[in-house]
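Working notes, beginning with the structure itself.
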Amino acid sequence: MKKIKLVLVSLVAAIFVGCGTTSTVPLTGRKQTLMVSDGDMLSLSTQEYQKYMKTAKPSTNAKNTAMVKRVGQNLANAVTTYLKNNGYASEVSNFAWEFNLVQDKQVNAWCMPGGKIVVYEGLLPVTQDEASLAIVLGHEIAHAVAKHSAERLSKEYKNQYGAAILGTVTQAVGVSSGTQKLIDLVQSVGGSLLTSGFSRKQESEADHMGLIFAAMAGYNPNVAVTFWQRMASQGNGSGGLFSDHPSDASRISNIQKWMPEALKYYKK
């Protein structure tokens with residue numbers, strides 16, 4: 001019986017190891033396994049973004065709206081050029097860049113897969129200048145380029161279907177109900193964590209990539225340190241930019257560590 005259990009558990013493991021495709025994150029080179037297609041992610045994000053924009057209130061400040069679109073497009077152009085020149089040309093079609101400034105006092109911005117970006121007006125008094133705005137937008141764009149949402153969904157997919165398959169196997173081989181409940185609990189906790197925000201590892205990766213993207217687009221990456229210091233002074237209640245992110249001290253320390261690399265890409 002023990003041998004049968006081992007064979008079945010090994011079979012389940014083999015199923016999930018074999019599922020999905022392996023992708024390499026640009027710039028960092030990190031490997032990730034994705035079980036959600038780029039096309040599906042773009043289609044889903046476009047639908048959700050359109051739904052959001054139907055209920056959102058676009059900013060009435062023409063100057064700030066133009067700035068957000070200008071900085072965003074400069075970054076998008078730099079990212080597109082980088083992807084084309086570094087073996088990721090096939091990735092370019094996965095993005096349909098769009099940048100909008102909306103009326104909201106939160107100090108926040110976000111990006112859906114495929115390059116659908118929203119900036120809240122409450123962020124601009126903290127960014128203060130275009131270079132600092134580029135640091136934020138670079139970070140958000142990095143989430144899309146690194147396919148962090150697809151990565152989270154892939155893990156959730158494994159979580160849900162892994163639980164179902166593993167549950168069937170454990171029942172078939174006579175695993176106790178207590179063990180089964182433990183498996184269910186682990187799967188449940190994993191699922192809730194995946195839906196609560198990007199992991200700190202992903203947020204740190206977005207900081208790294210975003211700093212370089214801003215430099216590629218011609219924005220001085222040195223402003224990142226003072227910008228994140230201003231963000232830190234806002235406190236954790238200021239909005240989503242702090243959710244699941246590295247600590248202020250850790251983030252600034254990492255940015256200083258990555259600065260020499262980012263400056264290699266910076267041309268005024």
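Note that the structure is a prediction, hence the values are computed from the model and not measured. Heavy-atom basis, side chains included; hydrogens, waters and symmetry copies ignored.
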Taking the side chain as C-beta and beyond, is there a heavy-atom pair between Leu133 and Tyr219 under 4.5 Å?
-> no
Closest contact, heavy atoms only, Val102 versus Ala56 = CG1-CB, 4.1 Å
Apply the test side chain to side chain contact (heavy atoms under 4.5 Å, CB included) to residues Leu137 and Ile117: give CA-CA distance (whole Å), side-chain angles for both, the deciding distance (0.1 Å), then the verdict.
-> CA-CA 8 Å; Leu137 293 183; Ile117 293 177; 3.9 Å; yes
Tell me yes or no: between the side chains of Glu205 and His143, is some donor less than 3.5 Å from an acceptor?
-> no
Out of curiosity, Asp38 CG to Ser93 OG, how far, rounded to the nearest 0.5 Å?
-> 8.0 Å
Can Glu91 and Lys147 be said to form a side chain to side chain contact (heavy atoms under 4.5 Å, CB included), step by step?
-> CA-CA 11 Å; Glu91 298 290 328; Lys147 302 182 181 181; 2.9 Å; yes
Side chains of Asn77 and Thr80: do they bring a donor and an acceptor to under 3.5 Å?
-> no
Do Met112 and Phe213 share a hydrophobic cluster, counting only Ile, Leu, Val, Met, Phe, Trp and Tyr and linking them when any side-chain heavy atoms are less than 4.5 Å apart?
-> no
Is it true that Val225 and Tyr265 fall in one hydrophobic cluster, defined by side-chain heavy atoms closer than 4.5 Å?
-> yes
Judged by atom type as modelled, is there a donor-acceptor pair below 3.5 Å linking the side chain of Lys116 to the main-chain atoms of Glu98?
-> no
State plainly whether the residues Glu203 and Arg200 are in salt-bridge range, i.e. N to O under 4.0 Å.
-> no
So Tyr266 and Asn222, side-chain hydrogen bond (donor to acceptor under 3.5 Å, both in side chains) or not? Walk me through it.
-> CA-CA 10 Å; Tyr266 176 53; Asn222 283 301; over 6 Å; no
Out of curiosity, Trp97 CH2 to Ile141 CD1, how far, rounded to the nearest 0.5 Å?
-> 5.0 Å
Would you mind checking if Glu151 and Arg30 are paired as a salt bridge, meaning a charged N to carboxylate O distance below 4.0 Å?
-> yes
Could you go step by step and tell me if Lys51 and Glu48 meet the salt bridge (Lys or Arg N to Asp or Glu O under 4.0 Å) rule?
-> CA-CA 5 Å; Lys51 287 180 184 178; Glu48 292 303 312; 3.5 Å; yes
Taken to the nearest 0.5 Å, the spacing of Lys257 NZ from Leu211 CG works out to 12.0 Å
What's the shortest heavy-atom distance between Met209 and Ala142, and which atoms?
-> CB-CB, 3.7 Å
Lys201 side, atom NZ; Thr28 side, atom OG1 - distance, nearest 0.5 Å | 9.0 Å
Kindly work out whether a path of hydrophobic side-chain contacts (I/L/V/M/F/W/Y, heavy atoms less than 4.5 Å apart) joins Leu124 to Leu75.
-> yes
Could you please spell out the steps behind the salt bridge (Lys or Arg N to Asp or Glu O under 4.0 Å) verdict for Glu130 and Arg70?
-> CA-CA 9 Å; Glu130 292 195 19; Arg70 179 174 61 253; 2.5 Å; yes
Tyr120 with Phe198, same ILVMFWY side-chain cluster at under 4.5 Å | no
Side-chain H-bond candidate by donor/acceptor type, Thr24 with Lys31, under 3.5 Å = yes
Side chain proximity check, Asn64 to Met67, heavy atoms < 4.5 angstrom = yes
For residues Ala144 and Gly115, report the shortest heavy-atom separation together with the two atoms involved.
-> CB-N, 4.2 Å
For residues Ser233 and Gln229, determine if any side-chain heavy atom of one lies less than 4.5 Å from a side-chain heavy atom of the other.
-> no
Verdict with reasoning, Asp207 to His139, per side chain to side chain contact (heavy atoms under 4.5 Å, CB included) | CA-CA 5 Å; Asp207 280 346; His139 173 99; 2.8 Å; yes
Verify, without hydrogens or angle tests, whether Gln32 (side chain) and Ala146 (backbone) share a donor-acceptor contact under 3.5 angstrom.
-> yes
Donor-acceptor contact present, side-chain Thr65 to main-chain Asn61, <3.5 Å = yes
Side chain of Gln202, backbone of Ser199: donor and acceptor closer than 3.5 Å?
-> yes
Find out if a path of hydrophobic residues (ILVMFWY) with successive side-chain heavy-atom gaps under 4.5 Å connects Val223 to Val136.
-> yes
Output the distance between atom NZ (Lys69) and atom CG (Asn100), rounded to the nearest 0.5 Å.
-> 4.0 Å
Can you find a heavy atom in the side chain of Pro26 that is under 4.5 Å from one in the side chain of Leu83?
-> yes
Please examine the side chains of Ile212 and Tyr82, heavy atoms only from C-beta on, and report whether any two atoms are closer than 4.5 Å.
-> no
Please check if the side chain of Ser132 supplies one atom and the backbone of Asp129 the other of a donor-acceptor pair under 3.5 Å.
-> no
Do the side-chain N and O atoms of Thr127 and Arg230 include a donor-acceptor pair separated by under 3.5 angstrom?
-> no
Considering only NZ, NE, NH1 and NH2 on the basic side and carboxylate oxygens on the acidic side, decide whether Asp104 and Lys57 come within less than 4.0 Å.
-> no
So NZ of Lys84 and OG1 of Thr81: to nearest 0.5 Å the spacing works out to 7.0 Å
Beyond-backbone contact of Leu27 with Met216, side-chain heavy atoms, under 4.5 angstrom | yes
Evaluate the side-chain proximity of Pro221 to Leu263: yes if any heavy-atom separation is below 4.5 Å, no if none is.
-> yes
Sub-4.5 Å side-chain heavy-atom contact between Phe99 and Val118 = no
Parallel, tilted or perpendicular, as decided by the 30° and 60° cut-offs, for the rings of Tyr49 and Trp110 | perpendicular
Where do Ser204 and Trp258 land on the side chain to side chain contact (heavy atoms under 4.5 Å, CB included) test, with the steps shown first?
-> CA-CA 11 Å; Ser204 183; Trp258 298 321; 3.5 Å; yes
Go through Ser59 and Glu121 one step at a time and tell me if the side-chain hydrogen bond (donor to acceptor under 3.5 Å, both in side chains) criterion holds.
-> CA-CA 7 Å; Ser59 174; Glu121 286 184 325; 2.5 Å; yes
